[in-house]
There are 2 protein chains.
Amino acid sequence: MANKHVKEMEALREHLGKHQLKLTRQRELILSAFLRQEHITAEAMYHQLAKSDPHLGLATIYRTLNLFCDAGLAQARHFGSQTKYDNVSHKGHHDHLICTGCEKIVEFENEEIERLQEEVATQNGFTIKTHRLELYGLCSRCRH
Amino acid sequence: MANKHVKEMEALREHLGKHQLKLTRQRELILSAFLRQEHITAEAMYHQLAKSDPHLGLATIYRTLNLFCDAGLAQARHFGSQTKYDNVSHKGHHDHLICTGCEKIVEFENEEIERLQEEVATQNGFTIKTHRLELYGLCSRCRH
DNA sequence: ATCATTTTGAGAGAGTTTATCAATTTCAAT
DNA sequence: ATTGAAATTGATAAACTCTCTCAAAATGAT
Ligand SMILES: [Mn+2]
Ligand SMILES: [Mn+2]
Ligand SMILES: [Zn+2]
Ligand SMILES: [Zn+2]
């Protein structure tokens, strides 16, 4: 699996180049761990990486995840009360279904909803820049 | 205006009665101030009330607004990074359009979107308990 | 290899919300 | 009206999450 995540690595490299930032051991390490996740908190990332690299600082995790957001590889999302970084490197816009029982997160896209959002915005004289749609409930397993 | 907000006052009284809680001067005061707002932060509430009652504690504001949430008079909502308490005493479910230029908040309801949300949930085996839909953008005034 | 520039790690600090606890207030029962 | 158990308050400490600071280390263009 030596050439896994090469595309994302290249995207990071490109962002770094454009902003006179440097490619560090930590940035590579955090990126490869991050790309194995779908949605993860900075704290969880910190504990996970601490196993192999106990001296990695929490501030570095935050800084780096925020850097990934700037580079378009991640998006910070506030689910409930916790902030999770969404691995968006290999996907486009999507919204979320969140199980309050087991924390499971399902991603979805619905063009009709997106269209109706635009309609609502237009009716009120708004131009939408971003939006957030989260459906909270119980998944089929947790319902029983 | 002596009989303004009597219905909400009664709803609070009912909630207090059911949970062996007491009606205090502070709770009456905070409720009447809260009902004059649409969406307000705890901090803003604190500063506003400090003018007439400088000894009201911030913890009491938080405790009381959370009590209003339990009583169904308020709902805590996380807009962007700040938490606002939404005065829902006289309205049903609704979602929000938020101007990132001037902070203006417009409430809306769209049955079609609600229906499609249910559809998405069903398709994924979920039962929705709550949801959050926020559209961020610029209002007509801020666009120019 | 040099060295200006960027990054890191550790801890301090900021912002927001909750917990603690002695003093005060409420309210149901006299 | 008085009493007294229980709830509430205000001040402040604490918790939590995230950002800032800064000396030391790493990076990468030359
Ligand atoms: Mn996602
Ligand atoms: Mn509202
Ligand atoms: Zn579940
Ligand atoms: Zn505006």
Side-chain angles (χ1 to χ4, degrees), chain A residues 9-10 12-34 39-71 74-86, chain B residues 9 12-31 33-34 39-71 74-86:
Chain A
M9 192 64 220
E10 191 41 52
L12 176 61
R13 224 182 272 271
E14 194 176 314
H15 177 84
L16 297 175
K18 276 186 192 151
H19 298 79
Q20 48 200 121
L21 302 175
K22 294 174 175 175
L23 180 61
T24 62
R25 184 181 65 79
Q26 289 87 341
R27 286 174 177 169
E28 284 193 287
L29 197 86
I30 297 171
L31 180 59
S32 85
F34 175 67
H39 307 91
I40 190 166
T41 63
E43 197 74 28
M45 197 93 239
Y46 178 58
H47 286 116
Q48 182 177 308
L49 287 167
K51 294 170 195 163
S52 50
D53 203 332
H55 289 294
L56 236 175
L58 179 57
T60 301
I61 304 286
Y62 274 104
R63 280 187 293 233
T64 306
L65 289 173
N66 290 336
L67 169 70
F68 294 167
C69 290
D70 295 341
Q75 273 186 322
R77 301 201 189 255
H78 308 276
F79 291 145
S81 54
Q82 61 183 341
T83 302
K84 290 193 168 180
Y85 288 84
D86 193 341
Chain B
M9 193 63 220
L12 176 60
R13 223 183 271 273
E14 195 176 312
H15 177 85
L16 297 175
K18 276 185 190 150
H19 298 79
Q20 48 198 121
L21 303 174
K22 294 173 176 177
L23 180 61
T24 62
R25 183 179 66 78
Q26 288 88 341
R27 285 174 176 170
E28 285 192 286
L29 196 87
I30 296 171
L31 180 59
F34 176 67
H39 307 91
I40 190 166
T41 63
E43 198 73 28
M45 197 94 237
Y46 177 59
H47 286 118
Q48 182 177 311
L49 286 166
K51 295 170 194 161
S52 50
D53 202 330
H55 288 293
L56 235 175
L58 178 57
T60 301
I61 305 285
Y62 274 104
R63 281 187 292 234
T64 306
L65 290 173
N66 290 339
L67 170 69
F68 295 168
C69 290
D70 294 341
Q75 275 184 324
R77 299 197 191 260
H78 308 274
F79 291 145
S81 55
Q82 63 184 340
T83 302
K84 291 195 168 179
Y85 289 84
D86 191 342

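By convention in this document, chain letters (A, B, ...) are assigned in the order of the sequence lines, proteins followed by strands, and residues within each chain are numbered from 1.
- Distance A/Asp70 CG to D/dT19 C1': 14 Å, rounded to the nearest Å.
- Counting heavy atoms of neighbouring residues, nucleotides and ligands inside a 6.0 Å radius, atom CD of A/Glu10 exceeds 12 of them.
- Side-chain contact between A/Phe68 and A/Ile30 is present, with at least one heavy-atom pair separated by less than 4.5 Å.
- Protein atom OH of A/Tyr46 is 14 Å distant from nucleotide atom P of D/dC18, rounded to whole Å.
- Whole-Å rounding puts the B/His78 NE2 to D/dC18 P distance at 13 Å.
- Within 4.0 Å (heavy atoms only), B/Gln26 reaches sugar-phosphate atoms of the nucleic acid but no base atom.
- Proximity of A/Gln20 to the phosphate of C/dT6: a side-chain N or O atom is located under 4.0 Å from OP1 or OP2.
- The listed nucleotides are C/dT7, D/dT27, C/dA10; the one nearest the side chain of A/Arg25 is D/dT27.
- A side chain to side chain donor-acceptor pair (under 3.5 Å) with A/Thr83 is found for one member of A/Glu43, A/His78, A/Arg77 and no other, namely A/His78.
- For B/Tyr62, a side-chain nitrogen or oxygen approaches OP1 or OP2 of C/dT17 to under 4.0 Å.
- Distance CD (A/Glu43) to P (D/dC16): 10 Å, rounded to an integer number of Å.
- Distances from the side chain of A/Lys22 to the nucleotides D/dA11, D/dG28, C/dC27 place D/dG28 closest.
- Each of A/Pro54 and B/Ser81 has a nearest nucleotide on DNA chain C; the 5'-most of these lies closest to A/Pro54.
- Separating the CG atom of A/Leu65 from the C1' atom of D/dT19 is a distance of 14 Å, rounded to the nearest angstrom.
- Across all strands shown, A/Leu58 has no heavy atoms under 4.0 Å from either base or sugar-phosphate atoms.
- The residue A/Arg63 sits close to a base: some heavy atom pair falls under 4.0 Å.
- In terms of phosphate contacts, A/Thr60 brings a side-chain nitrogen or oxygen within less than 4.0 Å of OP1 or OP2 of C/dG9.
- A close approach under 4.0 Å does not occur between any side-chain nitrogen or oxygen of A/Thr24 and OP1 or OP2 of C/dT6.
- You'll find that the side chain of B/Thr83 is closest to C/dT17, out of C/dT6, D/dT9, C/dT17.
- As judged by a 4.0 angstrom heavy-atom cut-off over every strand, A/Gln82 is placed among residues making no nucleic acid contact.
- Closest to the side chain of B/Ala59, from the set C/dA19, C/dT8, D/dT8, is C/dA19.
- In this structure, the CG atom of A/Leu21 is 19 Å from the P atom of D/dA26, given to the nearest Å.
- Contacts of A/Asp53 with the nucleic acid, taken as non-hydrogen atoms under 4.0 Å apart, are absent.
- When the nearest nucleotides of DNA chain D are assigned to A/Tyr85 and B/His19 by heavy-atom distance, the more 5′-ward of the two goes with B/His19.
- When the options A/Thr60, A/Ile61, A/Leu67, A/Leu65 are evaluated for a side chain to side chain contact (heavy atoms under 4.5 Å, CB included) with A/Arg63, the one that passes is A/Thr60.
- Taking 4.0 angstrom as the limit, A/Asn66 places a side-chain polar atom (N or O) nearer than this to OP1 or OP2 of D/dT19.
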The test is salt bridge (charged side-chain N to carboxylate O under 4.0 Å, His left out); show your working for B/Lys18 and B/Asp70 and say whether it passes. CA-CA 12 Å; B/Lys18 276 185 190 150; B/Asp70 294 341; over 6 Å; no

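- Between A/Asn66 and A/Tyr85, the shortest heavy-atom distance links the atoms OD1-OH, 3.0 Å.
- The distance from atom CG of B/Leu29 to atom C1' of D/dT9 is 13 Å, rounded to the nearest whole Å.
- Distance B/Ile61 CD1 to C/dT18 P: 13 Å, rounded to the nearest Å.
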